[in-house]
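For reference, the structure is listed below as structure tokens.
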Amino acid sequence: MDKKVVLSSWNNLVPLCNWTGVTCGCKHKRVTKLGSLFRPQHLFKSFNFLKEGIPASLFNCSRLVRRNLHSNYLGQGVPSELGSLTKLVSLDLGRNNLKGKLPVSLGNLTFLKELSFVANNLEGKIPNEIARLTKIVDLEFAANGFFGDFPLAIYNLSSLELLKIIDSGFSGSLRPNFGNLLPNLQGLFIVINSFTVRDLKFLALHTNSLGGHSFRDLKFFGALTNCTKLNALLVAYNRLGSDSPTSISNLSMNIQILELQSNFISRSIPGDIGNLIGLQILLLGNNLLKGPLPTSLGKLLGLIQYSATSLGYKVSMYPTIALKELFLLLLDNKLRGTIPREIMQILPLVLLNMSNNYLSGSLPEYVGRLEKLGTFSLAYNKLSGKQPHTLGKCLSLVQRFLQGNSFDGTIPDISGLMGVKRVDFSNNKLSGSILGYLANLNLLEYLNLSVNNFEGNEPTEGNSWKQKPMWRRLGIETRAMLFESTRKGDKAFLTFRESCDLISLCWFRNRKKNKINEATFSTLGASHERISYGDLRNATDSFSTTLVPCLKHYFQQRTVVAVKVLNLQISGAMKSFMAQCESLKDSHIRHRNLVKLLTTCSSIDFEGNEFTALIFEFMPNRTLDMWLHPEEIEEIHRPSRALTLLERLNIAIDVAYIYM
């Protein structure tokens, strides 16, 4: 019978069981038999209840190109007759409870591009004949009971792009030239086997989605203790949970770089981490680490030459880098206790960042020994007492961030730090007068002394003081510089429009009639939760945006907020930030027509740069400017309707009330 006549009934207008050649059961009207189909090219029967093995009649379909029987209950073994389907391009027999060994006849399927036997009960070794599958792109043997070394035949499959052999029972080691033999490989899944890795020197698994916040996530560290030549382990920016493993201290003594930042590692740092005497770079920031810092960190002295530029740091930030140097980053954790003086004895330290923790006590006097230190940040901890005078001996300092603590007394003499560029002592309890020599630090670009107890007038020494517009000189009688206002009659107004269309309107009377409150600025109240850079980075998916800098994000207890990241290179950005901080602190500065500021973030990012952001209540109807001037907005983002004349009049009245 002509095939057109046979298949004429195979359409949506005719019930399936009435199709020519199709037989259905009487009770449930399910297909139980197909007519003689000797020349089918595509056969898809996945996710059914087929049983009793692969039917022998299928091997007569010599023109079959694609065959998918995934997720059935076929059982039994894989017949050797499978090799007769030489035109097969795709074969999927995964999840079928297949047993026994794979037949050598698989090597006859030389047109295969996709082959899957995942999640069966196959055993034995992979036949060497699969080396003939030279067109294979996707090969999946995961979740079976094979044994023996990694199949050597796979090394011949140079066209392979995806290889899945997870939990397959293989052992032995991979060839050192694995990547050269499989140059097109894009996906490699080989976990839960018994492979050994020889001579591994560099392992980079960073910036993935590894782990599930589970206590088993770091179990693989135990396997790496046998890699005696390992000198770099990079697993940052994943989802690795669990306590910090004790096996971390048993890694190779040759390891130089250990990057674990931006995960969910908890508990304390292993006490014997000092065993890693060859360690040069240790990055543990933005985790959930707690407890005291181990004193064994002071043993990290066996360092080798390393280039600072390879981690993205600018060499210009560290003008006196020596051949041996160490980066130690422990920021954005929950570390408690005092700072071990042993850390201050790690002479090759170039960058030390332990900001955003709960460290307490005083700053050890031994800090003066760190002559190579370029960036020093202990911001936002609970440190107290006087700053040691030895800080002035850190002659290589370029950046120094000690804000957000409870340091008291006067500023130590840092007149010898001629290379310093950024200094932040804000939000402490420092007192005394501003030292005039600060104006003579020619490279100083940023100075923040706000929210302290300084007294007296601005220094008048030299001409540099007035010529540094980026300096923030708050905390003395110059608080009024918070706003650079323009006078108009008896009143002065400041309107600062931020780049994300959030509008901050500040108003104050002429100082001659009503002086600004001279009371010392205080830190934000306890009702405003402290937010770190790491918190914001995680909540906003690394500040992901390509269109506008203000996004809505689920933050803390699934509260929708708008996050505004300030560009500190823009003139006036710092002053705007301080104005917002003041409004947050003062409960009287509220208005129903202004966006509510929830909290702020003043922190240090993972490269040691200052980071500031404002967290506002999210406005689902977006900005007023968008409603008033829709013609300036892209059509896709325009409001669904135009404002009426009455609505525009009410808006004008509400704005006027702000100044009353």
For the [atom1] atom of [X] and the [atom2] atom of [Y], what is their distance to the nearest 0.5 Å?
X      : Y      : atom1 : atom2 : answer
Leu182 : Tyr155 : CG    : OH    : 8.0 Å
Asn108 : Ser84  : CG    : OG    : 9.0 Å
Asn250 : Thr225 : CG    : OG1   : 6.5 Å

Suppose the criterion is salt bridge (Lys or Arg N to Asp or Glu O under 4.0 Å): which pairs have a residue in [range], not counting sequence neighbours?
range            : result
residues 273-294 : none
residues 124-153 : none
residues 216-231 : Asp199-Lys229
residues 88-114  : Arg66-Glu114

Using the side-chain contact (heavy atoms from CB on, under 4.5 Å) criterion, which residues pair with [X]? Sequence neighbours excluded.
X      : value
Ser158 : Pro183
Leu205 : Leu203, Leu210, Val235
Asn18  : Val14, Pro15
Thr23  : Thr32, Lys33

Worksheet item: Looking at Phe264, is Arg239 sitting on its ring face, NZ or CZ under 6.0 Å from the six-membered ring centre and within 45 degrees of the normal?
Response: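 No, Arg239 does not sit over the ring of Phe264.
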Which side-chain N or O atoms in residues 47-55 pair as donor and acceptor under 3.5 Å with protein atoms at least two apart or in another chain?
unit_1: Asn48; atom_1: ND2; unit_2: Lys45; atom_2: O; d: 3.0
unit_1: Asn48; atom_1: ND2; unit_2: Ser46; atom_2: O; d: 3.0

Worksheet item: Any side-chain donor-acceptor pair under 3.5 Å between Asn193 and Asp167?
Response: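 Asp167 and Asn193 do not have a side-chain donor-acceptor pair below 3.5 Å.
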Practice prompt. Consider only side-chain N and O atoms of Thr20 and Ser9, and report whether a donor and an acceptor are under 3.5 Å apart.
Written response: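 Short answer, yes.
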Practice prompt. Please list, chain by chain and in numerical order, all residues satisfying side chain to side chain donor-acceptor pair (under 3.5 Å) with Ser168, sequence neighbours excluded.
Written response: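 Result, side chain to side chain donor-acceptor pair (under 3.5 Å) vs Ser168: none returned.
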Worksheet item: Asp272: what forms a side chain to side chain donor-acceptor pair (under 3.5 Å) with it, not counting sequence neighbours?
Response: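 Residues passing side chain to side chain donor-acceptor pair (under 3.5 Å) with Asp272: Ser249.
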Practice prompt. Identify the heavy atoms of Leu133 and Leu157 that sit nearest to each other, and give their distance.
Written response: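 Answer, listing the atom of Leu133 first, then Leu157: O-CD2, 3.3 Å.
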Fill in: Where Leu240 and Asn263 come nearest, the two heavy atoms and their spacing
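Smallest interatomic distance, heavy atoms only, reads N-OD1, 3.1 Å.
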Item to complete: Sequence neighbours left out, what pairs pass ring-ring contact (aromatic ring centres under 6.0 Å, His included) with at least one residue falling in residues 96-142?
Response: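 Qualifying pairs: Phe141-Phe146.
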